[in-house]
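Below, chains carry the letters A, B, ... as their sequence lines are ordered, and counting in each starts from 1. Being a predicted model, the structure only gives us computed values, none of them experimental.
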Protein chains: 4
Amino acid sequence: MEEAENRKQRILAAALRIGGQRGLAATHMDEIAEAAGVSKGTLYNFYKSREQLLVEAVLFFVEAAVEEIPEVSDESISGEQRLQALIESMAGSFDRIVENFPIATQAGSLTPPGTEIHSHLLNGLNEIFLGYRKKIRSLLALAQSEGSVREDVDLNALAAIWVATYNGLLYRASFEESGADSLCTEAGVKQALSWLYESATEIETKNAFKNRAKSHTKDSKV
Amino acid sequence: MEEAENRKQRILAAALRIGGQRGLAATHMDEIAEAAGVSKGTLYNFYKSREQLLVEAVLFFVEAAVEEIPEVSDESISGEQRLQALIESMAGSFDRIVENFPIATQAGSLTPPGTEIHSHLLNGLNEIFLGYRKKIRSLLALAQSEGSVREDVDLNALAAIWVATYNGLLYRASFEESGADSLCTEAGVKQALSWLYESATEIETKNAFKNRAKSHTKDSKV
Amino acid sequence: MEEAENRKQRILAAALRIGGQRGLAATHMDEIAEAAGVSKGTLYNFYKSREQLLVEAVLFFVEAAVEEIPEVSDESISGEQRLQALIESMAGSFDRIVENFPIATQAGSLTPPGTEIHSHLLNGLNEIFLGYRKKIRSLLALAQSEGSVREDVDLNALAAIWVATYNGLLYRASFEESGADSLCTEAGVKQALSWLYESATEIETKNAFKNRAKSHTKDSKV
Amino acid sequence: MEEAENRKQRILAAALRIGGQRGLAATHMDEIAEAAGVSKGTLYNFYKSREQLLVEAVLFFVEAAVEEIPEVSDESISGEQRLQALIESMAGSFDRIVENFPIATQAGSLTPPGTEIHSHLLNGLNEIFLGYRKKIRSLLALAQSEGSVREDVDLNALAAIWVATYNGLLYRASFEESGADSLCTEAGVKQALSWLYESATEIETKNAFKNRAKSHTKDSKV
DNA sequence: TATGAATGAGTATTCATTCAT
DNA sequence: CATGAATGAATACTCATTCAT
């Protein structure tokens, strides 16, 4: 069973690697098998079909990407510090996640709408993204209880915006041939999320959005 | 020539319709031809290959989606009012754009990286998205010159966040079987963009993010 | 009519040119039309179908190739001299004919056996080749009547061998990427036909087949 | 492996059978598969493409045709007798080889000039034909060493003519709907090759070319 | 009569899935 | 269970032919 689990891991990892490079539609069973070091037949011992395999791979990736964001449950530090750590963490993961980001969108078109497997995928993604949002929301709530986030802020909505902005930057970055856009990088993520955080605090002067360096403004395209 | 252009329109529209429903990977030339009311051979009179046709369709869609956002160039109203109109407009387009939103991501995996057509797609998308950001930036600049946006705000960065948040909400909404998440709807878009706008203004009290209705908070899934 | 005939010539010539380069199977109506400077529709005003056009082109070529061999009807010179002139002429045409030689063989497989057009082609080729042989036979007969060809030689058979050898050399030459085989060239043709001629004469010493140059023997590939 | 080789044989044989009847251009993968008793997919397990399959089939056929000509290595008989046996053998193979003879020429036009596969074909044919010529040359050399072929004969050139004549007769015969030309038959081959052989010997009186039967002369079409 | 855009039947090729070993 | 050769349904693309202008 140990070995079986190991194989499943290798298979999913192989599918993700290829899917990230060539796109899911061009990810073929032959290649997955070879990259995973198993035979094509073995793939069907673990997964009923190609669709199923790829859906599991996508869910595996998205979940892993979310889990990569640490809980920052160290209770010895303040909510504000934990949020700062969260921002650092999300920014630090940015480049790696960009690699495989499009596969989530592609997976939706792999399976005919209305089928069981299609629902399985959408439900899975929904759950993961909601969990993601919840995680951020709980940190915001902590910060709010400590007074660094204003009382009147709708935490649910802010958490949703937080995730949306991060995903939007990932989405945008996945189109670029080479990080041409300085705003869609690790630094850009830090700037954006900090802006969101600080817009929810009382302290106006910390605002990360202020023009600090004119040179930076010029560098950023349009 | 009139007729030829008409046909091209019908072909691209047909490709988009099918691509939005089934995904680009499952969008076949036979179906496009039938849906467009032309023969398969005619498809190849206009486009060199399936890849080319689909890429043009995607660029056509994205460009149309951006152009749908009005310039709001009515100079008789203030920058602030124009931004409000922009927010209304983006929110109003949300549901329709969601339908075809995934195809942009899917297109990236239709074409082998490194090919000319792949670059054509990425360059096209890049240009469109930069134009989009520029449009928003110019309205923000107007508002800034009128004093409703603070002087110290990095307009480039804010415009980038603005677009990222919108795209992130579209991305998220494209996963849902039926608008289950109240934050990823027309209303959610309005709330999110308003938050971004108001976080850049001097007037604290307008903040759309304040908890106004407790019921609303409960409705929105964590 | 003058103009029409001119067009037909251009069409056949275009078909031959392309057919010689790419092979008949890869000779398409589009290309023929463009090369001939007419529209595709015009092709069908002159020929019922692609098959018909190509068959006419092949017959046109083969006939022209045969007619290129001069009658050498100058009665002021001896039969022997005429035969020598014939050999020179056939050798001189060799390189040009090689270019289009394969099309005759290819044409046979263009049309389904048993059809009218297939018979039309085969009959046409047969007639042409028989006429070719007859031409040579009549010169041999003249030489025989003058005494330079032995009385006991079967002229029909010798003429057939004569043509077969020439065609065999053409056939062989059409396989070579670049005249690598010194025996399948203008010089080789001269040597081969001279051998055949002299083997039919009484005078042994003229035999072109004798090893005259050792270097030549070494040059010729096994 | 035994089985795989068996399948390859069946595939090539099927391709040749159909190619000989309909021409290579009209030889389709579906038909080959059915005739070989395998699925279409299996064809592609053995050969990369239709072109490759057909080229291998042609080389297989030509090689087999050459190998069919026995070495006549029985050292107990004289070179002269061996040459007579060779002539008998080539004549005996004539009718069967005629069936598939055109495919060699057709193959040249299946593949775009300048491609690797085109060179593969031409090189293969070249090698086979040179081997063929070499075989004949060695028998002539033996006969020469025994004194039945004159010392002054250029064996290379004679061997080349020998092959060319044989090929020329095959070429001619491949155009005929039904062996209408008595000179392009088994008997004609024997007559032609004997003539070539005897023209290289010292003994004039054996000459096969002499008119033996007037009726025969009449039979042979001009 | 000349044109060339539209047509769609015809084909090579791919690749998920199966199953005998 | 693992394997990988065999399978054949599915699909992009070509090109001879037609016909409205």
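- One interatomic measurement links the two molecules: CD of A:Gln52 to P of E:dA16, which rounds to 15 Å at whole-angstrom precision.
- An OP1 or OP2 oxygen of F:dC1 is reached within less than 4.0 angstrom by no side-chain nitrogen or oxygen of A:Arg7.
- Whole-Å rounding puts the B:His28 NE2 to F:dA9 P distance at 16 Å.
- A side-chain N or O of B:His120 and one of B:Glu56 form a donor-acceptor pair less than 3.5 Å apart.
- When side chains are defined from C-beta on, D:Phe175 does not count as touching C:Ile128, because their heavy atoms never get closer than 4.5 Å.
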Please enumerate all protein N or O atoms sitting under 3.5 Å from an N or O of nucleotides 17-21 of chain F, with distances to 0.1 Å.
residue	atom	partner	partner atom	Å
F:dT17	OP2	C:Tyr44	OH	2.8
F:dT17	OP2	C:Arg50	N	2.9
F:dT17	O4	C:Lys40	NZ	2.8

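- Remark: P of F:dC1 and CD1 of A:Ile11 are 13 Å apart, rounded to the nearest angstrom.
- Between D:Leu12 and D:Leu53, the shortest heavy-atom contact is CD2-O, 4.0 Å.
- Of the listed residues (C:Leu24, C:Thr111, C:Leu121), just one forms a side chain to side chain contact (heavy atoms under 4.5 Å, CB included) with C:Leu54, and that residue is C:Leu24.
- Note: CD1 (B:Ile32) to C1' (F:dC13) measures 13 Å, nearest angstrom.
- Residues D:Glu99 and D:Pro102 approach most closely at O-CD, 4.1 Å, considering heavy atoms.
- Nucleotide E:dT14 holds its P atom 11 Å from the CG atom of D:Asn45, rounded to whole Å.
- Protein atom CD of C:Glu31 is 13 Å distant from nucleotide atom C1' of F:dA16, rounded to whole Å.
- The shortest heavy-atom contact between C:Ala65 and C:Ile97 is CB-CD1, 4.0 Å.
- No donor-acceptor pair under 3.5 Å is formed between the side chain of A:Arg22 and the backbone N or O of A:Thr27.
- Put simply, CZ on A:Arg22 is 14 Å from C1' on E:dC15, counting in whole angstrom units.
- Between atom NZ of residue A:Lys40 and atom CE of residue A:Met29 there is a gap of 9.0 Å, rounded to the nearest 0.5 Å.
- Distance D:Glu34 CD to F:dT7 P: 13 Å, rounded to the nearest Å.
- Look at A:Ser39 and you won't find any side-chain N or O under 4.0 angstrom from OP1 or OP2 of F:dA2.
- Where the helix from E:dA2-F:dT21 to E:dT21-F:dA2 starts and where it ends, the local axes point in directions that differ by 0°; five pairs per end, rounded to 10°.
- Projected onto DNA chain F by closest heavy-atom contact, A:Phe46 and D:Leu43 fall at different nucleotides, the more 5' of which corresponds to A:Phe46.
- Note: A:Phe101 and B:Tyr171 meet the aromatic proximity criterion, with ring centroids under 6.0 Å apart.
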